[in-house]
Structure formats: structure tokens, C-alpha cells
Amino acid sequence: MRPTETLVEEHRIILVVLEAAEREATRIEATAKVDNPRLEQLSDFFRNFADACHHRKEEEHLFKLLKKKPPLRGPVAVMLQEHEMGRGFLRSVKEGLAAWAQGNPAGAMQVVEGLRSYAELLRAHIDKENQVLFPMADRVLTPAEQEQLTVTFERVEKEEVGEGVHEQYHRMALQLAEGKP
């Protein structure tokens, strides 16, 4: 499997959880109540699977390699900027949760806005990567570079993320998709 195919598969899992986040935002908006355990799960998934695992592979490995390929410098810069914007939306969700926990009802709307903004951004971001950046990467990366990325991604999974953690987040994604705690 090419490294970009691995990332596309991870995108599929992230999209499933984005749907769950959007449903949660709609539920909060309708009830004006925050389900902290559910939001903690969503936040955990986005922080640890989407960002610490998936975005780490992109930023520290794929994008560093692509920056050396002149036609891809611009698109990579955009992807990095969008990763930072996503982190900002997740910080907003966290701040909204803290405000809600301290009795501020406006925190619920901050959570809703953060979740929706994050989902909207990531959907468009994933589409750009899947439809534009990754096909370009597959054309410019040599077979040796592709193989090295595959090995590096496996090492990241095992040594940096932790053995079995990826699978744990896949299970969590399915539970969130089904609306289970």
C-alpha cells in the first residue's frame, strides 16, 4: 500500500468521526446541554488520532519530503496552515467546554461553533489532499521515497503513537458513528 493510500484510509475514519461531531453539535444546539463524556471522546479522537498520529505523518514526513519538490511547496504550505486552523477550532471547543463546566451557558454555543468550523474545514481539507495533493505526490515521489515513507509511517505507528493505539481509535470511531459512548 502506498503511503498516500494509508493517509486516505485514515481520512475515511476521520470523516466518520466528523459526522458524529456534527450530530453532537446539532444535539447541543437543540438541547442547550453539553454531553461532556461524548465531547471528551470526540476531542480525544481529534487530538490524538487526527492530529498526533495522522497529521504527524503528514507534517513531519510526507510534507517535509514534498517541500523538496518545487511544484508542491505551495499546496503543502496551504495544508500546514489548515492544520493550524483546525487546532485553533479544537482549542475553541476545549475552551467552550471549560466555560460550560464553570456554569457559563455561552460555552455550549462555543462548542457548537468550534465543532462545526472544524468539521467544515477538515472536510474541505481532506478533499484537497485526497483529490489533488496525494495524486500529485504519487506522481513526483520515487519508488524509493514511497517505500521509505511506508516504513516511516509504520515506525510512527509502533514507536511514537504506540502499538495497538491506531486500532483503538478505529474502534472509538465506530462507536462514535453508532452514537455509543
Side-chain angles (χ1 to χ4, degrees), residues 6-60 62-63 75-134 156-157 160-162 164-181:
T6 298
L7 296 172
V8 167
E9 177 60 23
E10 290 175 1
H11 283 165
R12 188 185 67 73
I13 300 300
I14 293 167
L15 288 167
V16 165
V17 180
L18 288 174
E19 287 178 23
E22 290 170 319
R23 282 193 313 274
E24 189 63 18
T26 299
R27 191 198 60 72
I28 293 168
E29 196 170 46
T31 64
K33 293 183 181 174
V34 174
D35 180 348
N36 279 15
R38 172 69 44 128
L39 284 164
E40 288 298 329
Q41 263 192 318
L42 289 165
S43 294
D44 176 40
F45 179 89
F46 292 133
R47 192 175 50 252
N48 292 305
F49 182 83
D51 199 37
C53 176
H54 176 79
H55 289 160
R56 176 184 290 167
K57 290 177 191 172
E58 291 178 340
E59 292 175 1
E60 294 179 11
L62 176 64
F63 292 174
V76 166
V78 171
M79 297 300 102
L80 289 168
Q81 180 182 26
E82 289 179 356
H83 285 182
E84 284 305 315
M85 290 172 62
R87 290 176 184 120
F89 292 134
L90 291 178
R91 281 190 297 276
S92 181
V93 169
K94 185 177 179 178
E95 291 164 5
L97 276 171
W100 171 262
Q102 293 175 354
N104 182 348
M109 285 314 297
Q110 184 174 349
V111 169
V112 167
E113 290 170 16
L115 287 175
R116 287 196 173 137
S117 296
Y118 183 72
E120 181 180 342
L121 171 75
L122 237 58
R123 283 183 189 287
H125 175 84
I126 286 170
D127 190 56
K128 285 183 260 187
E129 285 183 341
N130 288 354
Q131 302 303 319
V132 179
L133 184 65
F134 293 168
V156 166
E157 287 288 331
E160 296 176 32
V161 175
V165 173
H166 197 128
E167 293 75 16
Q168 169 191 334
Y169 281 105
H170 279 235
R171 288 189 298 277
M172 180 189 285
L174 294 174
Q175 290 172 338
L176 287 164
E178 295 170 359
K180 296 178 182 174

ask   = Looking only at heavy atoms, which two atoms of Leu115 and Ala21 are closest? And how far apart?
value = CD1-O, 3.8 Å
ask   = Can you tell me if Gln110 uses its side chain to pair, donor with acceptor, with the backbone of Ser92 under 3.5 Å?
value = yes
task = Answer whether the closest heavy-atom distance between the side chains of Met172 and Asp44 falls below 4.5 Å.
result = yes
request  = Heavy atoms only: give me the nearest Pro37-Asp35 pair and the separation to one decimal.
outcome  = CD-OD1, 3.0 Å
key: Evaluation steps, side chain to side chain contact (heavy atoms under 4.5 Å, CB included), between Leu121 and Phe89   = CA-CA 9 Å; Leu121 171 75; Phe89 292 134; 4.0 Å; yes
request  = Report yes or no: does Arg27 contribute a side-chain atom to a donor-acceptor pair with the main-chain N or O of Arg23 at less than 3.5 Å?
outcome  = no
ask   = What distance do Ile14 atom CD1 and Arg123 atom CZ have between them, rounded to the nearest 0.5 Å?
value = 11.5 Å
message = So, taking the atom named CZ in Phe63 and the one named NE2 in His55, what distance separates them when rounded to the nearest 0.5 Å?
response = 7.5 Å
ask   = Are any of the side-chain heavy atoms of Glu29 and Arg116 separated by less than 4.5 Å?
value = yes
query = Would you call the rings of Tyr169 and Phe49 parallel, tilted or perpendicular if under 30° counts as parallel and over 60° as perpendicular?
reply = tilted
task = Starting at CG of Leu39, measure out to NZ of Lys94 and round the result to the nearest 0.5 Å.
result = 13.5 Å
ask   = Closest approach of Gly107 and Ala99, non-hydrogen atoms and distance?
value = CA-CB, 3.9 Å
remark   = Between Ser43 and Val93 the two heavy atoms that sit nearest each other are OG-CG1, 4.2 Å
message = Let's go through Val112 and Met109 carefully: what are the C-alpha distance in whole Å and the side-chain angles of both, what is the deciding distance for side chain to side chain contact (heavy atoms under 4.5 Å, CB included) to 0.1 Å, and is it a yes or a no?
response = CA-CA 5 Å; Val112 167; Met109 285 314 297; 4.2 Å; yes
query = CD/Glu24 to CD/Gln41 distance, rounded to the nearest 0.5 angstrom?
reply = 10.0 Å
query = Does Thr26 use its side chain to pair, donor to acceptor, with the backbone of Glu22 at less than 3.5 Å?
reply = yes
ask   = Looking at His166, His11, His83, Glu59, which one forms a side chain to side chain donor-acceptor pair (under 3.5 Å) with His54?
value = His11
ask   = Asn104 and Ala106: which non-hydrogen atoms are nearest, and at how many Å?
value = OD1-N, 2.9 Å
task = Show the numbers, then the answer: is there a side chain to side chain contact (heavy atoms under 4.5 Å, CB included) between Lys57 and Thr6?
result = CA-CA 10 Å; Lys57 290 177 191 172; Thr6 298; 4.2 Å; yes
ask   = If you count the non-hydrogen atoms of other residues, nucleotides and ligands that lie under 6.0 Å from CD in Glu120, is the total more than 12?
value = no
task = Can you measure from CG (Leu176) to CG (Leu18) and round to the nearest 0.5 angstrom?
result = 11.0 Å
inquiry  = Met85 vs His125, test: side chain to side chain contact (heavy atoms under 4.5 Å, CB included). Steps then yes/no.
reply    = CA-CA 11 Å; Met85 290 172 62; His125 175 84; over 6 Å; no
query = Hey, does Glu82 have a side-chain heavy atom less than 4.5 Å from the side chain of Glu129?
reply = no
message = Testing the basics here: between Gly86 and Tyr118, what is the closest heavy-atom pair and its distance to 0.1 Å?
response = O-CD1, 3.4 Å
ask   = Nearest 0.5 Å, what's the CG-CD1 distance between Leu133 and Ile126?
value = 13.0 Å
key: Lys128 atom NZ, neighbour heavy-atom count above 12 within 6.0 Å   = yes
